[in-house]
2 protein chains.
Amino acid sequence: MTNEDSQLLVQFLKVLADESRLKILGILANQEASVEELAAYLQLKPPTVSHHLNRLRELGLVTMRQDGNVHTYRFQADALSQVNRLLKPEKLAQLADVEGDAWQRKVLRDFLNGVELKEIPASRKKRLVVLQWLADQFEWDRTYPESEVNEIIGRHHPDFATLRRELIGNRFMARENGVYWRISEKSSSEKSNT
Amino acid sequence: MTNEDSQLLVQFLKVLADESRLKILGILANQEASVEELAAYLQLKPPTVSHHLNRLRELGLVTMRQDGNVHTYRFQADALSQVNRLLKPEKLAQLADVEGDAWQRKVLRDFLNGVELKEIPASRKKRLVVLQWLADQFEWDRTYPESEVNEIIGRHHPDFATLRRELIGNRFMARENGVYWRISEKSSSEKSNT
DNA sequence: ATCGAAGTTAGATCAATATCGAATTAGATG
DNA sequence: CATCTAATTCGATATTGATCTAACTTCGAT
């Protein structure tokens with residue numbers, strides 16, 4: 001489902017999600033009708049019906065034919081199939097993909113001030129996002145002595161000891177013989193930014 | 001399509017016709033999620049998401065499971081099938097039937113003041129409605145001399161001659177040898193009221 | 001038992017829009 | 001041409017509803 005498909009679906013649903021317009025379609029599904037007839041059926045004034053017919057026409061749900069002064073509207077059944085095509089679980093699922101990691105970005109926006117970590121998130125999920133970001137401050141393919149680890153973390157937050165332990169505990173980094181290095185995630189979906 | 005079906009369809013469409021809610025469904029179609037995650041994905045505040053989830057839950061489009069403080073929402077794919085079932089040309093066509101002859105009633109309401117015909121409609125379609133009503137003032141299974149026809153019509157409008165000719169011309173009544181009687185319509189859908 | 005975090009509820013605000021009356025356009029008719 | 005009718009357009013109004021902040025509830029952890 002492309003992004004335009006998604007926008008189109010919303011437009012269709014907005015136009016259909018109105019009792020008057022559904023009734024209009026219902027009437028026109030039986031037989032074509034003029035604005036005045038529709039207005040009387042629906043107990044609405046002609047300008048209101050005209051407005052609704054315009055919205056329906058914009059999406060191809062009805063067409064208009066003019067006989068003298070009378071505008072006769074006709075239902076276009078196949079336009080509905082577009083909606084039914086898009087309104088399926090699989091299609092909706094594709095809709096979400098365009099979004100991406102907005103949540104992670106939000107967490108970082110909330111807890112970072114520039115490169116400064118305002119505080120350590122209490123919730124585990126958010127803490128993991130921040131730790132991932134912190135781990136990204138370290139390069140791959142090399143080791144760091146503890147002093148350098150403390151210094152790098154210290155640029156972002158005073159409590160480097162806690163954060164260092166968290167990095168190890170949550171397997172963003174590993175330690176052996178007093179040196180530290182980054183380790184890769186197995187399957188998690190987190191990604192860094194900047 | 002019953003009337004409740006129709007109301008249900010409108011409710012569904014109203015709930016679905018919102019970009020945020022469609023996105024929520026899109027995300028949940030891929031994996032279940034908590035309120036906060038959804039809020040971050042969509043860049044909305046938790047109360048807003050909570051509101052949307054409530055609307056979706058009312059229609060069975062999502063279900064909720066509570067783990068401690070975290071409410072985890074899950075997409076219910078089969079709820080969508082209801083919409084697809086109702087959103088078909090044939091179903092919409094059935095929707096109009098519940099309405100009936102509102103238009104005719106409207107015309108009569110406009111042109112009648114009690115039993116008094118305020119004026120003779122200029123538009124043919126409306127004139128036919130009024131003539132049908134006028135014809136209903138005559139009984140079946142008997143004949144009327146012209147004088148009585150004039151008198152009966154005269155109760156409703158001064159110009160009884162024009163109306164009498166219209167009744168004949170539009171085949172609501174017939175005349176032979178100076179007497180008049182009602183004749184039945186072939187297939188027209190008009191019905192009278194009181 | 002206290003505190004913090006996730007969620008919901010309540011209330012307020014603001015934008016979108018359904019509806020209508022008035023004015024306008026365009027066709028038909030005498 | 002003058003008039004009448006159907007339809008549309010325009011402007012105003014009123015309602016609906018999406019979103020937010022603030023307050024409250026509930027649960028878990030310290």
Side-chain angles (χ1 to χ4, degrees), chain A residues 10-11 13-24 32-58 62-73 103 106-107 110-111 119-130 162, chain B residues 10-11 13-24 32-59 62-73 103 106-107 110-111 119-128:
Chain A
V10 177
Q11 280 184 37
L13 291 172
K14 275 192 188 303
V15 166
L16 290 172
D18 178 90
E19 189 166 353
S20 299
R21 283 193 286 265
L22 274 189
K23 281 186 184 168
I24 287 177
E32 39 179 50
S34 68
V35 175
E36 189 169 42
E37 283 175 282
L38 291 170
Y41 267 117
L42 302 168
Q43 324 239 49
L44 294 174
K45 303 298 175 187
T48 305
V49 174
S50 197
H51 163 70
H52 287 315
L53 288 169
N54 254 313
R55 314 263 339 245
L56 293 169
R57 195 167 43 72
E58 283 166 13
V62 303
T63 55
M64 192 262 273
R65 171 171 50 85
Q66 182 163 0
D67 301 324
N69 244 343
V70 176
H71 295 197
T72 303
Y73 283 84
W103 180 61
K106 166 76 161 48
V107 171
D110 283 347
F111 285 89
E119 64 182 294
I120 303 173
S123 111
R124 169 174 165 78
K125 224 175 265 233
K126 293 178 186 172
R127 210 164 52 241
L128 285 177
V129 174
V130 169
T162 297
Chain B
V10 177
Q11 280 183 34
L13 291 172
K14 275 192 190 302
V15 165
L16 290 172
D18 178 88
E19 189 166 352
S20 298
R21 283 193 287 266
L22 275 188
K23 281 186 186 171
I24 287 177
E32 39 180 49
S34 68
V35 175
E36 189 170 41
E37 284 175 280
L38 290 170
Y41 268 117
L42 302 168
Q43 324 239 49
L44 294 174
K45 302 297 175 189
T48 305
V49 174
S50 197
H51 163 70
H52 288 315
L53 288 169
N54 255 312
R55 314 263 339 245
L56 292 169
R57 194 168 43 72
E58 283 165 13
L59 291 179
V62 302
T63 55
M64 193 262 273
R65 171 170 51 84
Q66 183 163 359
D67 301 323
N69 246 342
V70 176
H71 295 197
T72 303
Y73 284 84
W103 180 61
K106 165 80 160 49
V107 171
D110 283 347
F111 285 90
E119 66 181 294
I120 303 173
S123 114
R124 169 173 166 78
K125 225 175 264 233
K126 294 178 187 173
R127 210 164 50 241
L128 285 177

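All chains are named by letter (A, B, ...) in the order of the sequence lines, taking the proteins before the strands, and each is independently numbered beginning at 1.
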Original post:
Please give, in whole Å, the distance from C:dA6 C1' to B:Met64 CE?
Top reply: 11 Å

Subject >> Distance (rounded to the nearest 0.5 Å) between B:Lys14 NZ and A:Lys14 NZ >> reply: 10.0 Å

Original post:
What is the distance from NZ of B:Lys14 to P of D:dT16, rounded to the nearest Å?
Top reply: 10 Å

Subject >> Check: B:Pro121 main-chain N/O paired with B:Lys126 side-chain donor or acceptor under 3.5 Å >> reply: no

**OP:** Keeping the roles fixed (side chain from A:Arg127, backbone from A:Ala122), state whether a donor-acceptor pair exists under 3.5 Å.
**Re:** yes

Original post:
Quick one: is B:His71 getting a side-chain N or O under 4.0 Å of the C:dT8 phosphate, OP1 or OP2?
Top reply: yes

**OP:** Would you mind reading off the distance between B:Leu38 atom CG and C:dT8 atom C1', rounded to a whole angstrom?
**Re:** 15 Å

Original post:
Do you know the tightest heavy-atom contact between B:Leu42 and B:Ser20?
Top reply: CD1-O, 4.2 Å

**OP:** Sugar-phosphate atoms are those with a prime plus P, OP1 and OP2; base atoms are the rest. Using that split, label each nucleotide of nucleotides 21-30 of chain C B, S or - for protein heavy atoms under 4.0 Å, 5' to 3'.
**Re:** BB---BBS--

Original post:
To the nearest Å, how far apart are A:Gln43 CD and C:dA18 C1'?
Top reply: 16 Å

**OP:** For the pair B:Asp18 (side chain) and B:Arg21 (backbone), establish whether a donor and an acceptor sit closer than 3.5 Å, ignoring hydrogens and angles.
**Re:** yes

Original post:
CG of A:Leu56 versus P of D:dT8: gap in Å, rounded?
Top reply: 12 Å

Original post:
Has A:Arg55 got a side-chain N or O lying under 4.0 Å from the OP1 or OP2 atom of C:dA18?
Top reply: yes

Original post:
Between atom CZ in B:Arg127 and atom P in D:dT5, what is the gap in whole Å?
Top reply: 11 Å

Original post:
How many angstroms lie between CG in B:Leu22 and CG in A:Leu13, if you round to the nearest 0.5 Å?
Top reply: 6.0 Å

Original post:
Does D:dA18 have OP1 or OP2 sitting under 4.0 Å from an N or O in the side chain of B:Ser20?
Top reply: no

**OP:** Could you check how far CG of B:Leu53 sits from C1' of D:dA18, rounded to whole Å?
**Re:** 14 Å

Original post:
Where each residue is assigned the nucleotide of DNA chain D containing its nearest heavy atom, which of B:Asp18 and B:Ser123 is assigned the position nearer the 5′ end?
Top reply: B:Ser123

Subject >> Gap between atoms CD and P, on A:Glu36 and D:dC4 respectively (whole Å) >> reply: 17 Å

**OP:** Tell me which of A:Ser50 and B:His51 sits closer to the 5' end of DNA chain D, going by the nucleotide each one is nearest to.
**Re:** A:Ser50

Subject >> Nearest-0.5 Å distance that lies between atom CG in A:Leu44 and atom NE2 in A:His52 >> reply: 6.0 Å

Subject >> Residue-phosphate contact under 4.0 Å: A:Lys126 side-chain N/O, C:dA6 OP1/OP2 >> reply: yes

Subject >> Shortest side-chain distance from A:Pro46, nucleotide among D:dT8, C:dT19, C:dT8 >> reply: D:dT8

Original post:
Can a side chain N or O of A:Arg124 be found less than 4.0 Å away from OP1 or OP2 on C:dA5?
Top reply: no

**OP:** Ignoring backbone atoms, test whether B:Tyr73 places a side-chain nitrogen or oxygen under 4.0 Å from the OP1 or OP2 oxygen of C:dT8.
**Re:** yes

Original post:
Looking only at atom types and distance, does a side-chain atom of A:Glu37 sit under 3.5 Å from a main-chain N or O of A:Ala39, one as donor and one as acceptor?
Top reply: no

Subject >> Earlier contact from the 5' end, DNA chain C, for A:Ala122 and B:Val49 >> reply: A:Ala122

Original post:
Is any side-chain N or O of B:Asn54 closer than 4.0 Å to OP1 or OP2 of C:dT9?
Top reply: yes

